[in-house]
Amino acid sequence: MGTTTPFQELQHAAQVRVLAGERVWLEDAALEQLRITARLPHIRAAVGLPDLHPGRGYPVGAAFFSVNHFYPALVGGDIGCGMGLWRTDLRAHAASASKLEKQLGNIDGPLPDALMADAQRQLDGIAVAQLPASREMLAASIGTIGGGNHFAELQVVDEVYDADADIDRKRVHLLVHSGSRGLGGAILREHVERFGHAGLTAGSGDARVYLAQHDAALDFACLNRIWIARRILQAIRAEADLLLDVSHNHVQEAEFGGECGFLHRKGATPSDQGVVMIPGSRGDFSYLVRPVAGRDEALFSLAHGAGRKWSRSDCMGRLAHKYRSDELRRTRFGSTVVCNDKELLYEEAPQAYKDVDSVVAALVDAGLVTLLARLRPILTYKKGGLAACC
DNA sequence: ATGTTC
């Protein structure tokens with residue numbers, strides 16, 4: 001006589017997979033978040049990537065596939081966050097971190113006037129009318145890195161695994177990790193105020209409005225990375241070619257298990273957009289990898305980085321007695337960390353992140369990627385660079 | 001994540 005039938009249970013049963021080898025650090029809290037999120041109505045499949053770690057309500061390093069319905073809250077606030085990689089014309093053997101740091105100065109604020117006019121022109125392509133953000137707000141934030149795990153990093157090639165890889169050992173590379181800044185946050189805030197975490201019905205007017213805003217945030221985030229790179233390149237007097245730009249926070253229409261639906265990526269790098277970069281912490285390598293085509297069991301997704309091992313709030317307590325802040329401004333590679341925010345310096349310490357080798361090895365072992373090259377940081381810009389003198 | 005926020 002029970003009112004809950006096994007059929008209901010089956011209806012909501014989603015396939016849950018975790019792709020992590022034995023070497024990968026995995027927290028129970030993250031697995032629990034993955035299982036709970038997979039139980040949301042309309043979710044058909046959930047995948048935890050090896051960088052899986054707890055987030056605010058939903059896990060980071062995960063992908064979710066749903067049908068007839070999608071969840072903006074699952075994408076989170078930093079819609080369009082991702083990685084951009086450039087090959088500069090700077091010669092790797094001649095690169096000096098201290099010189100680059102001085103040339104770079106402070107790149108936290110709005111773009112310098114000389115670049116702003118061009119950036120504003122590009123912002124015309126972003127349909128501001130439908131966004132909870134003014135054109136002035138977008139202009140103020142374009143070309144800025146932001147906080148948290150965002151960074152801009154100058155790297156050199158440490159090792160090449162595939163002779164056919166399009167990678168130049170002789171050149172300095174620039175990796176930019178940033179997103180849509182205040183814009184994505186405003187879109188999510190407005191959405192949650194109206195709909196909470198219930199999500200939206202596919203094809204509804206409200207769904208169309210969100211997706212249009214989401215797409216604008218993706219465009220803005222990509223432009224943001226481009227302008228971060230441009231201001232850096234101008235400062236260090238270099239030219240560069242864009243090698244890749246890939247977002248890891250978004251929702252898109254996709255087909256899985258013979259059904260059309262929505263693929264949410266929350267800190268999950270697409271495996272269907274060509275070569276991607278999987279960075280470790282500021283004190284670890286970044287891996288350039290080629291996704292193996294035609295593998296859908298990981299929901300067309302890969303790890304987006306090493307993934308956190310410690311929560312931000314634990315870092316100061318765990319590290320302050322062991323390392324002074326100036327010791328954290330250098331890494332085991334001898335690379336320089338530009339960060340005048342003490343809290344952030346500890347929160348983003350290499351010790352707070354999983355070992356990127358274990359994360360990438362899990363992807364290789366699962367047959368999801370092949371390695372192309374390994375890059376090593378020489379300078380990581382977080383925030384608070386030296387103000388330009390004279 | 002955050003033109004954060006206590």
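By convention in this document, chain letters (A, B, ...) are assigned in the order of the sequence lines, proteins followed by strands, and residues within each chain are numbered from 1. FYI, side chains are in, hydrogens and waters are out, and symmetry mates aren't considered; it's all heavy atoms of this structure.
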Tell me if a side-chain donor or acceptor on A:N249 pairs with a main-chain N or O of A:I79 at a distance below 3.5 Å. no

Checking all strands, does A:G76 fall into the base, sugar-phosphate, or nothing category for heavy-atom contacts under 4.0 angstrom? nothing

Using a heavy-atom cut-off of 4.0 Å across all strands, would you classify A:R56 as base, sugar-phosphate, or nothing? base

What is the distance from CD1 of A:I142 to P of B:dG3, rounded to the nearest Å? 14 Å

Figure out the CD/P separation between A:E190 and B:dT2, and round it to whole Å. 19 Å

Separation of B:dT4 C1' from A:L183 CG (nearest whole Å): 16 Å

Distance in angstrom units between A:I187 CD1 and B:dT2 P, rounded: 14 Å

Name the orientation class of the two ring planes belonging to A:Y58 and A:H197 (parallel below 30°, tilted from 30 to 60°, perpendicular beyond 60°). parallel

Hey, does A:G77 reach any base, or is it just sugar-phosphate, or nothing, if we go heavy atoms under 4.0 Å? nothing

Nearest-Å distance, CG (A:D341) to C1' (B:dT4)? 12 Å

Using a 4.0 Å heavy-atom cut-off, does A:G184 contact any base of the nucleic acid, only the sugar-phosphate backbone, or nothing at all? nothing

Is A:R189 touching bases, backbone alone, or none of the nucleic acid, heavy atoms closer than 4.0 Å? nothing

Rounded to the nearest Å, what distance is computed from the CG atom of residue A:N249 to the P atom of nucleotide B:dT2? 11 Å

Using a 4.0 Å heavy-atom cut-off across all strands, classify A:G185 as base, sugar-phosphate, or nothing. nothing

Whole-Å gap separating P (B:dT4) and CG (A:L344): 15 Å

On the 0 to 90° scale, with breaks at 30° and 60°, tag the A:H304-A:H248 ring pair as parallel, tilted or perpendicular. perpendicular

Ring-ring centroid check A:F333 A:F285, cutoff 6.0 Å: yes

A:D166: which residues meet the side chain to side chain donor-acceptor pair (under 3.5 Å) condition with it, sequence neighbours left out? A:R87

Could you check how far CE of A:M137 sits from P of B:dT4, rounded to whole Å? 11 Å

